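Structure first, then comments.
Below, chains carry the letters A, B, ... as their sequence lines are ordered, and counting in each starts from 1. All values derive from a computational prediction rather than experimental measurement.
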Amino acid sequence: MSSPILKAAHVSKHYNIGERRAVVLHNVSLELEPGEFAVISGASGSGKTTLLTILSGLDKPSNGRVWLADEDITDLDENGLAPLRNRLIGFVFQAFHLVPSLTSLENIMFPAELNRDPEASEKASHLLNRVGLWEQRDNRPEQLSGGEKQRVAICRALINNPRLVFADEPTGNLDSENSREVVELLLELQQEFNTTLLLATHSSAITDRADRILSLHDGRLVKNDIRP
Amino acid sequence: MMIHYRFLLEELRYGGKQVLTFVVCVALSIATLTALNSFRRDIHGSLIDEARALQGGDIIIHAHQPISEELEGTIDTLAQEQDFQQQSTLEFYTVALSEDKDTSLFSSIKAVESSYPFFGTIEIASGRKLGEVLKPGSVVVAQEVLERLDLAVGGLLNIGDVAFEIADVVTFESMRPVSFLTLGPRIFVSMADVDRLGLLGRGSRVEHEILIQLADPANADRLSETLSAVATPRVERVETAKNARSRVKVFFDNLLFFLSCISILTLMLSGIGMQGSLSAILYQKQNVIAVTKAFGASNRYLLIQYLAMVSFMGACGSVIGVIAGYLIKRLFPLLFRDLLPQDVGYAFHPVDALEGIVLGIFVVTVFTLLPLHRLGAVKPVMIFRHETGSEKPGAAPLLAGIICTVFLILLVVRQIDDLKIGIFFVIGLILLIGTVALAASASLWLLKRSTLPTLALRQSAKSLYRPGNASRSIVITLTSAISVLLLIFLLKLNLFATFIESYPENAPNLFCIDIQQDQKDLFQSVVGEEVVMFPVIRARLLSINNTMINAEQERQRKTDNLGREFNLTYRETLLEDEIISDGNSLFGDSKSLPSGVVALSVLDSIAEIGEIGLHDRLRFNIQGVEIDAQVTSIRSRTKSRLYPFFYFVFDSGTLEAAPQTFFAAMHLPKSLIPDMITAITAQLPNVSTINVADMADRFGQLMKRLSVIVTFFASFSIMAGCLILVSTIFATRLDRIKETVYYKVLGADSSIVLRILSYEHAMLAFLSSLMAVLFAEAAAWLICRNVFDIAYHPHWHVAALTVLSSIILLVLIGLASSVGIIRQRPAVYLQQQNSV
């Protein structure tokens, strides 16, 4: 059996709000295998996004440790995390978070350019063609629809062929038709790129298609099921 | 409608640095103007309101030659009819010698009658009146005369052919409130001694004055008109004390005009800073505004809340500005020391404070119109979707621009009290900003299309075009601000370089004037070496191409004017530093000229003033004889103004019979000049010697003092420029932070993020300062060549330093405002974004 691509042990997260201490995550431990499609499900406020940001290194746990491809990322500083984010991880967000000053093509190219990939432009063009947005290559995010933005964001997440893609409510800002298309695209590309996909959602339609379901309730991992 | 004070307080509390920037901008905008206006009132109180004390009479008749018999006769007749008093004075420069004639001093001689002056005061050391002390055969001198000639009261002082006893020391003269505008210390002599001096020969430079004291000063205008009708046009000037142009008044008018211009620039820059910081505050509050609107708040309600906030900040800024103005004014005695009349007060009156507050209200109103208007553009949908598309700006920016322009015109007109100049000033500023706007658009367009070598550079360049970017406005603002500030410094440096630092080594440093025809040989033998002597013929220009010269109009010119008396000369060749810029030779083919018309060469600087061209016909009055001349060449000079020059040069043979004196210029080692002056004065007392080297030193000191004053005022403009940087960085900070977070999420390390941020600011600073350098250099070149008529040096090292310091400053301010986000984990920001 291969070693897990992602591992979390006893992860907790709390915030101090004035004198009050809010516990958002409570002693969460989990492992993901390479190539898995895992879903974090739960109601709003259950801690899905917080868990996702901690597992991806965008935030630091209050307690516990996180390993990414066998590397303990818990105590890495921002400069230590930067190459991991660039080469090992891809992100897809509910709010898209495309760089407003860049065109579709430039947004997709950017992680590859950071990685000094000489084929950045070719790869980005290929991905844009693949998602049917070649005509919109020179459009800036403000000139794209929600569905188009999310497809550009998916391409951007995959351009460096990451081993793990984190997606936080990727259909949260989309209508049902676009949601369906984006999920299909995400899953197709996950297969094509043979990457692990960890997706936070409260959509049962997406959860039903996952290899593993991680259910959160009030910050506690209440279910960690692998589908047969 | 109610103002929600808690809301107001919270907004101010969370506004933080932007609120502080706004308040400082308001304070800065009014501080220097408040101080300056208060100072102007002091100066006016001292110089203008006491005009009679400054002029010495109700009516002053002035001429550079003896007052005509006709005018004197009229004055005598009217004096009997209307019962007014009159007295004459003479004023001229000459060299006074010490008792044993071994030391000399270039001095200002004033010959007065015993009743002098009618108005004002002359204080003398003994406390007695001038008329009681100054008897024929005695002089009353300034302390400097005693010190420099090593004399004491009771000693002898030689002026011309006479040895005078020093009777007392003059300590204050209200007609001469400042000493820095005069070339030598004062010596009073009795009018009865003038003829004995033997100095007032043909062509001497003497100012003749008649002072009139009226029983009823209200009659001054009427009597002035009567006397003007009799006075010889353009030779005798009749003025009332109220409208007389004193050199002191002109100096302070010009200085205050220039300082007012700088202060208005500071106000404008501060206003832009104010606009930027308020825009940043409102941009940061967009979500709060959108939510408030979603809950039913009307635009009017929000406008009132933010108007209250702006009013509060404006009031704080105005009060601080007035206090700052008061403190600035406290520095004036130090800043203007030795330049101001003794009796100028430095009090700060309630009217000064009130004026500052009113100005603050206007400034805040004008410069916050646009940002407050934009409140209406915030839609509740922004809670859910920030990218609502760009709406057309409508007429609001245009209207705000018009209001701003009208305000500036009114302010400039009020400050400099001249509608025409005020409109020109504002049009000049608008033209500058318009040209800068075009250049900014062009340079940003070029940058967008250029291929940059690294990712960080490319990304920085693209950041300049992010949606809703303010790059163009930032470049326009910075370019305008830097170019005006750099222009001031370039002009200052060029004036210094011309008149002080690079005083040409071989330039003449001793001028001798009024050498009579029969003194040429003696002069030559005293000097001991061959000296070129230029004939000088005093004349007035009557007409150009039969259009008469309007003396009154000419006197209004800020530059040299055609109505004054000119020194003509004649010779056959060009001087060493002259070239022909128009025409074939100095006098062309003079045989082809019509009969009775002589050939004339004109210097380009006066040709420009009078729009005189080749073949134009000029008519001169040479001491009663009229002569017609045709321009056969225009000359230009290749060296600095310190070399002697003549505007009008005639062909030899045409003026040789005219009454004339001679002028000589020579270069001597500085240490030998005093002895030479003493020797010349001892042998030729009527010859005036001017120690140009000494004058240049004194002029240099004055220039340095003025430079400190200008730098002091310009430093406030620089501060305002820095606040613009801060406010514009604040205004676009959120966009930059957002992009920084995205870069980090995508794997950019702190080094590349820092580079992207630094390059973006560096590009803005580079573009702005580079364009500013080009504009400032071009403007300074034009002004130096056409206004000051001096050679221009671009001072590229200053330009390079400007570019470099702008880049460093902008990068530092930019990084300071967003560097915190680099070390922070991105989740905090992303969650904030998602939670909106």
Side-chain angles (χ1 to χ4, degrees), chain A residues 13 15 24 49-50 52-54 56-60 76-91 93-103 106-116 120 140-144 146 149 153 156-157 159-160 162 166 168-169 172-173, chain B residues 384-390 448 452-469 471 732 734-756 760 819-836:
Chain A
K13 181 74 180 177
Y15 297 103
V24 188
T49 299
T50 305
L52 204 70
T53 54
I54 288 173
S56 60
L58 292 180
D59 204 356
K60 203 172 176 177
L76 285 181
D77 63 11
E78 284 296 290
N79 277 345
L81 285 165
L84 297 180
R85 287 184 191 142
N86 184 241
R87 288 193 282 272
L88 289 184
I89 302 172
F91 292 96
F93 299 98
Q94 179 181 352
F96 322 121
H97 294 322
L98 297 175
V99 182
S101 55
L102 301 181
T103 64
E106 288 166 346
N107 258 293
I108 299 169
M109 279 168 63
F110 188 76
E113 285 184 303
L114 275 177
N115 196 21
R116 297 172 195 277
R140 285 191 181 163
E142 60 177 356
Q143 297 164 304
L144 299 173
K149 279 184 204 169
R156 184 179 66 176
I159 190 164
N160 280 345
F166 293 92
D168 182 19
E169 299 277 13
N173 276 352
Chain B
F384 308 101
R385 184 178 160 82
H386 280 262
E387 296 142 354
T388 52
S390 52
K448 196 174 183 178
L452 297 166
T454 68
L455 174 65
L457 273 173
R458 282 197 298 277
Q459 197 49 45
S460 313
K462 281 166 190 158
S463 300
L464 297 177
Y465 310 101
R466 67 170 69 86
N469 71 79
S471 304
T732 52
L734 290 181
D735 291 327
R736 237 183 313 279
I737 287 175
K738 184 160 80 178
E739 286 186 3
T740 303
V741 171
Y742 294 170
Y743 298 147
K744 287 175 59 151
V745 168
L746 297 174
D749 59 23
S750 55
S751 125
I752 195 158
V753 173
L754 270 174
R755 266 183 284 152
I756 292 173
E760 183 186 341
V819 79
I821 200 78
I822 295 171
R823 282 198 296 273
Q824 206 177 36
R825 295 247 173 162
V828 180
Y829 178 81
L830 292 172
Q831 279 163 9
Q832 277 171 5
Q833 291 286 296
N834 290 338
S835 67
V836 173

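Separation of the Phe110(A) and Tyr743(B) ring centroids falls under the 6.0 Å cut-off.
With 3.5 Å as the limit, one finds no donor-acceptor pair spanning the side chains of Thr740(B) and Arg736(B).
Only the side chain of Arg156(A) comes within contact range of chain B, with at least one heavy atom under 4.5 Å from a heavy atom of that chain. Using a 4.5 Å cut-off between heavy atoms, Gln143(A) makes no contact with chain B at all. Heavy atoms of Leu746(B) lying under 4.5 Å from chain A belong to its backbone as well as its side chain. For a residue to count as touching a neighbouring chain, one of its non-hydrogen atoms must lie under 4.5 Å from one of that chain's; by this rule Leu81(A) touches chain B with the side chain only. Contact annotation for Glu113(A): both backbone and side-chain heavy atoms come within less than 4.5 Å of a heavy atom of chain B. With a threshold of 4.5 angstrom between heavy atoms, Leu102(A) approaches chain B through side-chain atoms but not through N, CA, C or O.
Most heavy-atom pairs under 4.5 Å with chain B: of the set Ser101(A), Pro83(A), Gly80(A), this distinction falls to Ser101(A). Contact count against chain B (heavy-atom pairs under 4.5 Å) is highest for Gly57(A) among Ser56(A), Gly57(A), Gly90(A). In terms of non-hydrogen atom pairs under 4.5 Å with chain B, the most contact-rich of Leu52(A), Val99(A), Asn115(A), Leu88(A) is Val99(A).
Under 4.0 Å is where a charged nitrogen must lie from a carboxylate oxygen, and between Glu78(A) and Arg85(A) at least one such pair does.
Going from atom CZ of Phe166(A) over to atom OG1 of Thr49(A) covers 13.0 Å, rounded to the nearest 0.5 Å. For the atom pair CD (Gln94(A)) and CG (Asp168(A)), the distance works out to 6.5 Å, reported to the nearest 0.5 Å. Note that the CG atom of Leu455(B) and the CD1 atom of Ile756(B) stand 6.0 Å from one another [nearest 0.5 Å].
Within the 4.5 Å cutoff, no side-chain heavy atoms of His97(A) are placed close to those of Val745(B).
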